[in-house]
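First up is the structure itself, then whatever we jot down about it.
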2 protein chains.
Amino acid sequence: VIELRNITKIYLTGNVEFAALKSVNLTVQEGDFTAIMGHSGSGKSTCMNIIGCLDRPTSGEYLFGGENVSKLSDSQLAEVRNKKIGFVFQSFNLLARTSAVQNVELPLVYSGAKNRRQKAESALISVGLAEKFANKPNELSGGQQQRVAIARALVNDPPVILADEPTGNLDSKSGEEIMKIFKALNEKGKTIVLITHEPDIAAFAKKRVYFKDGEIIKTEGE
Amino acid sequence: VIELRNITKIYLTGNVEFAALKSVNLTVQEGDFTAIMGHSGSGKSTCMNIIGCLDRPTSGEYLFGGENVSKLSDSQLAEVRNKKIGFVFQSFNLLARTSAVQNVELPLVYSGAKNRRQKAESALISVGLAEKFANKPNELSGGQQQRVAIARALVNDPPVILADEPTGNLDSKSGEEIMKIFKALNEKGKTIVLITHEPDIAAFAKKRVYFKDGEIIKTEGE
Ligand SMILES: Nc1ncnc2c1ncn2[C@@H]1O[C@H](COP(=O)(O)OP(=O)(O)OP(=O)(O)O)[C@@H](O)[C@H]1O
Ligand SMILES: Nc1ncnc2c1ncn2[C@@H]1O[C@H](COP(=O)(O)OP(=O)(O)OP(=O)(O)O)[C@@H](O)[C@H]1O
Ligand SMILES: [Mg+2]
Ligand SMILES: [Mg+2]
């Protein structure tokens with residue numbers, strides 16, 4: 001469902017070029033559970049942002065569901081992002097002046113779904129935030145904000161879930177509870193790609209891909 | 001150097017009261033290296049923000065360097081924060097439109113120090129970011145932003161370092177490099193208080209304090 005072919009991403013800072021991704025090839029099949037690992041700055045988030053149709057590569061091809069993403073219009077891309085992909089950002093990206101439950105409702109507003117409030121509340125309950133529906137992001141702890149971002153990514157029941165360091169701010173018990181949710185979703189057939197630097201979290205995945213300096217240097221697992 | 005006596009912090013969300021800290025007592029001696037641990041939402045950051053003079057308790061006394069912080073004026077508090085405390089925020093708190101090196105220079109600007117550029121650059125080199133002086137926060141990876149925040153907290157050579165989850169976005173190698181810096185500073189006599197949910201990171205500390213639901217339930221180590 002996800003196929004990266006010779007994906008390169010070059011950033012320009014001032015007039016200095018920096019290759020964050022160098023001809024990356026990666027395939028994720030439907031129903032896979034893949035963990036992406038690697039040092040800080042090795043290109044994991046850059047790769048995930050391209051997979052999530054949030055950024056375009058400098059060169060190379062990206063096929064999502066068999067379709068070449070570069071051929072899709074902006075509104076088609078927005079449709080793919082809203083209906084097919086749940087994205088958990090490394091920096092959460094919650095709306096600041098909006099309550100937790102309204103943040104989680106947002107994907108349902110865009111997709112025109114019914115029973116938004118009820119679905120948003122049950123997503124928040126599933127990540128352990130039953131008491132925090134009304135809190136705005138700055139009235140939540142770091143790990144609570146992260147869990148709101150996870151609830152928001154899952155509420156629309158997307159077939160593909162992309163999570164960038166979803167447990168970075170969580171203690172091991174809260175982190176394990178999130179991983180159990182991901183595991184259950186994967187057993188129901190969802191495709192999951194997860195970036196993590198924690199080996200115990202990566203151990204929940206079926207496949208592990210290692211990045212170093214913008215390249216994939218190793219792949220483990222089926 | 002840090003003494004919390006019956007510190008309570010109550011937040012109001014809408015008209016619901018929530019006690020994030022309930023009569024917390026904690027002493028940190030000069031030269032201590034203390035790790036604060038506990039579940040997501042247990043009150044760690046709330047406690048750290050009070051210790052760092054960034055927030056005031058609802059009740060209780062806080063003595064910093066033997067002085068009651070509530071008796072200090074705003075400008076005296078700003079002086080304590082700038083000269084005596086290096087603070088690493090859980091959410092980094094970097095200036096968005098400013099380069100990495102300018103972000104690290106900021107505490108030196110406030111304290112009127114000499115050789116600011118040189119000191120800021122060597123702080124960034126010590127956290128592994130020699131190639132990233134000119135990058136703005138949105139041109140850096142999550143772990144790189146975190147390391148800029150660490151460099152900024154250390155550049156003024158403060159006697160007390162408060163770090164809230166400083167390795168949350170770092171792979172184990174980068175995380176270990178940061179902990180070695182903290183350990184070396186502690187061996188030079190700096191007082192360090194660190195929040196972490198990772199046991200291997202807490203293992204670098206000499207003392208461990210466990211929070212649960214706004215209270216300290218256990219303390220380990222000398
Ligand atoms: N401004 C606020 N208004 C209301 N509640 C708040 C506010 N700030 C924090 N809280 C609540 O206080 C509790 C403690 O928050 P705190 O940020 O100290 O937790 P923490 O231990 O640092 O958690 P984490 O490990 O997730 O960062 C949480 O339940 C949080 O929702
Ligand atoms: N907009 C940008 N302009 C310039 N360089 C960038 C930009 N975005 C990212 N980079 C650089 O690209 C490299 C890869 O960044 P990326 O965010 O993908 O790393 P990462 O593997 O996710 O790291 P982390 O584990 O710290 O989150 C880094 O060296 C970073 O500085
Ligand atoms: Mg990243
Ligand atoms: Mg916190």
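The analysis underlying the following values was restricted to heavy atoms, covering all of them including side chains, and did not include hydrogens, waters or symmetry mates. Note on naming: letters A, B, ... go to the chains in the order of the sequence lines (proteins, then strands), and numbering restarts at 1 for each one.
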Original post:
What are the two closest heavy atoms between Ser40(B) and Ser141(A), and how far apart are they?
Top reply: OG-OG, 3.6 Å
Original post:
If you look at every heavy atom in Leu170(B) and His197(A), which pair is closest and at what distance?
Top reply: O-CD2, 2.6 Å
Which atoms of [X] come close to chain A, meaning under 4.5 Å heavy atom to heavy atom: side chain ones, backbone ones, both, or neither?
X         : value
Glu198(B) : side chain
Lys44(B)  : neither
Thr167(B) : backbone

Starting at [atom1] of [X], measure out to [atom2] of [Y] and round the result to the nearest 0.5 Å.
X         : Y         : atom1 : atom2 : result
Gln144(B) : Ser45(A)  : CD    : OG    : 10.0 Å
Phe18(B)  : Glu139(A) : CZ    : CD    : 11.5 Å
Asn135(A) : Tyr11(B)  : CG    : OH    : 11.0 Å

Original post:
Is Met37(B) close to Asp171(A) at the side-chain level, that is, under 4.5 Å between some pair of heavy atoms?
Top reply: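 With C-beta onward as the side chain, the pair stays apart.
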Is it true that atom [atom1] of [X] has more than 12 heavy atoms of other residues, nucleotides or ligands lying nearer than 6.0 Å?
X         : atom1 : answer
Lys84(A)  : NZ    : no
Lys22(A)  : NZ    : yes
Glu131(A) : CD    : no
Lys206(A) : NZ    : yes

Original post:
Most heavy-atom pairs under 4.5 angstrom with chain B, which of Ala134(A), Ser174(A), Gly41(A)?
Top reply: Gly41(A)
Subject >> Between Asn169(B) and Glu165(A): side-chain donor-acceptor atoms closer than 3.5 Å >> reply: no
**OP:** Please determine, among Gln146(B), Lys132(B), Gln145(B), the option with the most heavy-atom pairs under 4.5 Å with chain A.
**Re:** Lys132(B)
